Amino acid sequence: MAIALGTLSLAFQVVILFILILGLPLARGAGTKKNFIRHGYLTVFALVLHTILTFIIMVPTFTVGIVDINSLPILYQINVIAHAILGITAEVLGFVVVGLWFSKPLNNWGCMKARKIMLPLFIIWTISIVTGALIEIFGMP
């Protein structure tokens with residue numbers, strides 16, 4: 001059952017990645033107030049989905065599998081730990097970005113305050129997806 005949940009989680013993470021990518025053009029170019037609001041809502045939706053997956057699938061899987069981590073080869077251990085650290089970092093930064101946007105949702109200023117965080121967050125989260133995919137592909141706990 002854990003493998004099916006991991007595959008489901010990975011599939012949803014890829015969907016969330018596409019949701020975030022869909023929101024990018026809304027904040028670029030002719031960024032109207034309406035487009036910034038749409039960009040913000042897509043980001044909030046992606047964060048909510050990610051948070052649900054984290055607490056329903058990833059945290060329970062990690063807490064059960066952590067006892068087996070010492071029996072894994074060192075590269076697998078590093079990958080699992082990196083995935084956990086990157087995932088937690090992405091989750092926290094996601095809440096920072098959304099929190100800044102919610103401070104002024106009808107104004108693009110909230111989005112502009114978080115702009116410096118967004119690209120690093122996207123990169124961290126994407127690397128977290130890759131490390132999670134490796135966990136799923138190689139059957140790591």
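Just so we're clear, the structure is a prediction, and the values are computed from it rather than from any experiment. Both backbone and side-chain heavy atoms feed into the values below; hydrogens, waters and symmetry mates do not.
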Peer 1: Provide the closest heavy-atom pair for Gly87 versus His50 in the form atom of the first, atom of the second, distance.
Peer 2: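 What the structure gives for the nearest pair is O-CE1, 4.3 Å.
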
Peer 1: Using 0.5 Å steps for rounding, measure from the CZ atom of Phe122 to the CG atom of Leu20.
Peer 2: 6.5 Å

Peer 1: State, with a plain yes or no, whether a side-chain heavy atom of Ile85 is found less than 4.5 Å away from one of Ile81.
Peer 2: yes

Peer 1: Is there a side-chain contact between Ile117 and Leu100 in this structure, where contact means two heavy atoms from C-beta onward sitting under 4.5 Å apart?
Peer 2: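 Heavy-atom side-chain distance check passes, below 4.5 Å.
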
Peer 1: Which heavy atom in Asn70 sits nearest to a heavy atom in Gln77, and how many Å separate them?
Peer 2: O-NE2, 3.5 Å

Peer 1: Report yes or no: does Ser128 contribute a side-chain atom to a donor-acceptor pair with the main-chain N or O of Ile124 at less than 3.5 Å?
Peer 2: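 Absent.
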
Peer 1: Could you check Leu121, Val98, Val48 and say which one makes a side chain to side chain contact (heavy atoms under 4.5 Å, CB included) with Thr43?
Peer 2: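 Exactly one candidate clears the test, Val98.
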
Peer 1: Please find the pair of heavy atoms, one from Phe55 and one from Pro60, that lie closest to each other, and give the distance.
Peer 2: O-CD, 3.4 Å

Peer 1: Is there a side-chain contact (heavy atoms from CB on, under 4.5 Å) between Tyr76 and Leu134 once you walk through the steps?
Peer 2: CA-CA 9 Å; Tyr76 284 21; Leu134 292 172; over 6 Å; no

Peer 1: Can you give me the closest heavy-atom contact between Ala46 and Ile16, atom names plus distance?
Peer 2: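 Answer, listing the atom of Ala46 first, then Ile16: CB-CG2, 3.6 Å.
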
Peer 1: Which heavy atom in His83 sits nearest to a heavy atom in Gly132, and how many Å separate them?
Peer 2: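 Smallest interatomic distance, heavy atoms only, reads ND1-N, 3.3 Å.
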
Peer 1: Please say whether more than 12 non-hydrogen atoms of neighbouring residues, nucleotides or ligands are located less than 6.0 Å from CZ in Phe12.
Peer 2: no

